[in-house]
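Quick note on labels: first sequence line is chain A, next is B, and so on, each numbered from 1.
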Amino acid sequence: MRIATWNVNSIRARLPNIMDWISTQKPDILLMQEIKCETSSFPFLEFKSSGYEVRAVGQKSYNGVAIASLHPIEDVTEALPHSSNDEPARYIEAVIKGIRIASIYLPNGNPVSTDKFTYKLDWMARLKQRAIKLLQEESPVILGGDYNVIPKEMDAHDPAAWENGALFLPQIRAAFQEILNLGYTEAFRAMNPHKLEAYSFWDYQAGAWQRDNGIRIDHFLLSPESIDRSTSCHIDRSPRGKEKASDHVPVIIDLDL
DNA sequence: ATGGTTGTTGGACAA
């Protein structure tokens, strides 16, 4: 079982790249973030022709998350608990082959001195509550997506450039660590403890990709029941070098099921 | 310090 997460930065702008990647990697499940379209505008037919069922929750212009799967998607939840009606489209959760799996687009939180930062903290607190609830099922849980969190210094090419930002401030890293402390494992670092220059995002600006000035902010958090079944986790940076690339690349996890 | 880029849109805003 192969599961990938990818912030695609517009599903419509990225469709050829995504279809190309899917046809070679053939993930059983692909979690997507920043589809940047309303749910009704999602290119469901293109995915269906590649064998994928898709459940999406979108909105006009911004945000939006989706789950594409070769296997039946059941028991879909389209928002975090305690969301308001006008909540941005940042969370979708479902059950696939007995795995409870979520596609997460955690708020960026910048600028730090605005309500965007407090919204990020509030969102992380609500995610923690959901994570607690899901652990109680004592079954495989996989929370994948763009967390907008750089966990450690080693996860940034230039940590100093990020130290006062909402992706790396101690308060944010602590909130991320709180979720791990519940009993979740951040799969990439657990399975590649010393790997350096393993990034999942490079800004479009200032030649960040050419300089390998990246950060690792796209993560898989696994419950004990799912980390026990995982065999590897890696990042495929190759899509970042293509024409019309997203600024993020896919993170892939393989499981024995 | 500023600007550098991309996407959605048709001017900012978000990242």
Side-chain angles (χ1 to χ4, degrees), chain A residues 5-21 31-44 46 56-66 83-84 86-92 103-124 127 144-151 155-169 171-173 175-176 199-219 235 237-251:
Chain A
T5 182
W6 194 0
N7 178 323
V8 296
N9 187 12
S10 168
I11 188 72
R12 289 173 291 182
R14 216 65 60 210
L15 196 56
N17 291 26
I18 296 169
M19 289 304 151
D20 179 57
W21 188 81
L31 310 177
M32 288 169 279
Q33 301 85 35
E34 278 206 271
I35 62 173
K36 288 187 168 177
C37 67
E38 294 184 275
T39 307
S40 58
S41 303
F42 191 96
F44 292 104
E46 287 82 351
V57 49
Q59 68 181 84
K60 194 180 168 75
S61 303
Y62 304 119
N63 309 311
V65 287
S83 293
S84 55
D86 58 348
E87 198 80 18
R90 293 177 175 276
Y91 187 89
I92 186 168
S103 179
I104 286 167
Y105 180 41
L106 209 145
N108 175 294
N110 281 311
V112 166
S113 57
T114 67
D115 57 1
K116 293 187 177 189
F117 186 74
T118 49
Y119 180 67
K120 182 176 192 174
L121 287 170
D122 176 71
W123 207 95
M124 293 180 88
L127 177 62
D146 177 0
Y147 280 75
N148 272 311
V149 175
I150 304 165
D155 298 310
H157 176 84
D158 181 10
W162 301 92
E163 65 182 356
N164 295 317
L167 282 64
F168 196 54
L169 275 176
Q171 195 176 4
I172 292 296
R173 287 194 274 160
F176 183 69
Y199 308 128
S200 66
F201 167 90
W202 297 258
D203 201 286
Y204 286 124
Q205 304 181 72
W209 167 247
Q210 288 76 9
R211 298 160 188 256
D212 197 24
N213 182 10
I215 51 177
R216 195 172 67 86
I217 57 175
D218 298 270
H219 308 299
I235 298 172
R237 64 164 59 203
S238 66
R240 189 63 180 82
K242 302 240 198 269
E243 287 294 312
K244 293 277 286 178
S246 170
D247 40 7
H248 296 249
V249 295
V251 182

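- Spacing between atom CD1 of A/Ile18 and atom C1' of B/dG7 amounts to 13 Å, rounded to whole angstrom units.
- Residues A/Lys36 and A/Asn110 both approach DNA chain B. Their nearest nucleotides, taken by heavy-atom distance, put A/Lys36 toward the 5′ side.
- A/Asn9 places its CG atom 8 Å from the C1' atom of B/dA15, with the value rounded to the nearest Å.
- A/Arg14 has no side-chain polar atom (N or O) that falls below the 4.0 Å cut-off from OP1 or OP2 of B/dT6.
- One can place CG of A/Asp203 at 13 Å from C1' of B/dG7, the figure rounded to the nearest angstrom.
- Heavy-atom distances to DNA chain B give each of A/Ala245 and A/Lys116 a nearest nucleotide, and the one nearer the 5′ end belongs to A/Ala245.
- Between the CZ atom of A/Arg90 and the C1' atom of B/dA14 there is a distance of 10 Å, rounded to whole Å.
- A straight line from CG of A/Leu15 to P of B/dT8 spans 12 Å, rounded to a whole angstrom.
- To the nearest 0.5 Å, atoms CG (A/Leu169) and NZ (A/Lys120) are separated by 8.5 Å.
- Distances shown here put a side-chain N or O of A/Lys244 below 4.0 Å from the OP1 or OP2 atom of B/dG7.
- For A/Phe201, the ring-ring contact (aromatic ring centres under 6.0 Å, His included) partners are A/His248, not counting sequence neighbours.
- Remark: C1' of B/dC13 and OH of A/Tyr119 are 17 Å apart, rounded to the nearest angstrom.
- The nearest whole Å value for the distance from the CD atom in A/Glu243 to the C1' atom in B/dT6 is 13 Å.
- If you check the side chains of A/Asn9 and A/Lys36, you find a donor sitting under 3.5 Å from an acceptor.
- Between A/Phe201 atom CZ and B/dT6 atom P there is a gap of 12 Å when expressed in whole angstrom units.
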